[in-house]
Amino acid sequence: MIIFDNVSKIYPNGVKGLQNINLAINEGEFVAIIGLSGAGKSTLLRAVNQLVPITTGDIQVNGRSITQATKKELRLIRREIGLISQHFNLVKRSTVQKNVLSGRLGYYSTFKSMFGLFTKEDYGRTVEALTSVGLSDKLHTRSDQLSGGQQQRVLIARALVQQAPIILADEPVASLDPITTEKVMDDLRQINQTMGKTILINLHSIPLARDYSSRIIALKEGQIVFDGLPAALTDERLESIYGKRIFEEKVGDVSEA
Ligand code: ADP
């Protein structure tokens, strides 16, 4: 479903964000990407929808090359990819309904989107998506009145109305308390298991990666240093990814679990 073919990213300042990444993500996988800060997790995730343009190599999404896509093709490819991120925020002054509806914008011409001409089906999908993340009662609430966890779940609902088969989640639980974290992670698990969405998620927490994902990819200095089943990520492997001291902090940190 997503193929990285020898992908490298060098930022203008010379930093190597990604180095020779080869990767195939299959439909329906729940892939956690772990690694230290600066390891390249965010770069990898954002390369998938070209929010970060790659320097060399190619990425294919459902058989279509993202580097060779025309503007129009890129728009179509992006329609298939939902993004949930701390930094990709909601329009705070708009209602939850409007924010979720905006997930439909990729389906309309600029004219229609400018005037917010959504169909009855779109309104129906919005209610449905909010119900599936437990927020149907927040339809008309202003988004800035929601908690951080609720905002992340509105972003999940937006990805659902977008009908994107692929969801990229860039540290969606980084600043949430443990209980809210669990709710957001459970929502992601549910849409993965019941709707078959392919999920790529960047996580700081190793316990969360182990609990929720079907596959873990670890990055170090822009390279893949582990790619396999959570059970195969032994403490020794973790130590080599994180270094001994940080490894002990990460695995010992149950507050994140
Ligand atoms: P992670 O998500 O694992 O914390 P990132 O993908 O954000 O890592 O960053 C990988 C490396 O690329 C880091 O060294 C970071 O400083 C660098 N980097 C990220 N974005 C930029 C940018 N826009 N310009 C220059 N360097 C960047």
Side-chain angles (χ1 to χ4, degrees), residues 2-25 29-59 61 66-67 74 78 81-89 148 151-152 155-156 159 166-176 181 184-185 188 198-210 212-213 215-228 230 233 237-251 253 255-257:
I2 305 170
I3 294 174
F4 278 67
D5 185 7
N6 216 16
V7 171
S8 294
K9 166 71 185 178
I10 301 169
Y11 285 104
N13 60 358
V15 172
K16 290 178 182 159
L18 295 174
Q19 298 189 59
N20 308 104
I21 300 287
N22 289 295
L23 197 57
I25 309 266
E29 283 194 292
F30 193 122
V31 182
I33 302 160
I34 63 165
L36 289 172
S37 267
K41 303 181 294 296
S42 196
T43 306
L44 184 118
L45 209 71
R46 282 154 194 271
V48 176
N49 62 4
Q50 284 278 84
L51 273 181
V52 169
I54 59 177
T55 313
T56 54
D58 190 25
I59 297 174
V61 177
I66 205 150
T67 51
L74 192 59
R78 281 187 173 149
I81 305 171
L83 180 66
I84 298 165
S85 156
Q86 300 274 334
H87 315 288
F88 187 62
N89 281 321
Q151 291 187 18
Q152 290 303 303
L155 288 172
I156 296 175
I166 299 168
I167 293 186
L168 308 177
D170 195 3
E171 306 211 356
V173 294
S175 56
L176 304 179
T181 291
V184 171
M185 291 302 294
L188 288 171
T198 305
I199 296 186
L200 248 80
I201 179 168
N202 286 350
L203 286 172
H204 264 307
S205 158
I206 294 162
L208 281 181
R210 281 179 161 157
Y212 284 90
S213 67
R215 174 177 173 187
I216 295 180
I217 293 172
L219 294 177
K220 189 176 184 179
E221 293 165 11
Q223 291 174 307
I224 296 177
V225 289
F226 175 86
D227 180 358
L233 188 63
R237 300 297 287 267
L238 274 172
E239 226 181 277
S240 74
I241 296 163
Y242 285 96
K244 193 167 172 45
R245 193 180 57 81
I246 298 169
F247 155 72
E248 276 165 4
E249 274 169 26
K250 288 258 163 197
V251 177
D253 185 3
S255 67
E256 276 186 290

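Numbering of ligands and ligand atoms starts at 1, following listing order.
- Between the N22 side chain and the N6 main chain, a donor and an acceptor come within less than 3.5 Å of each other.
- In this structure, the side chains of E171 and K41 come closer than 4.5 Å at one or more pairs of heavy atoms.
- With hydrogens and angles ignored, the 3.5 Å screen pairs a side-chain donor or acceptor of Q19 with a backbone N or O of E221.
- In this structure the side chain of L74 reaches within 4.5 angstrom of the side chain of I66, judged on heavy atoms.
- Between L83 and L51 there is a side-chain heavy-atom pair separated by less than 4.5 Å.
- Put simply, the side chain of T43 never gets that close to the backbone of L18: no donor and acceptor are under 3.5 Å apart.
- Listed as neighbours of ligand 1 are Y11, N13, V15, L36, S37, G38, A39, G40, K41, S42, T43, each bearing a heavy atom under 4.0 Å from the ligand.
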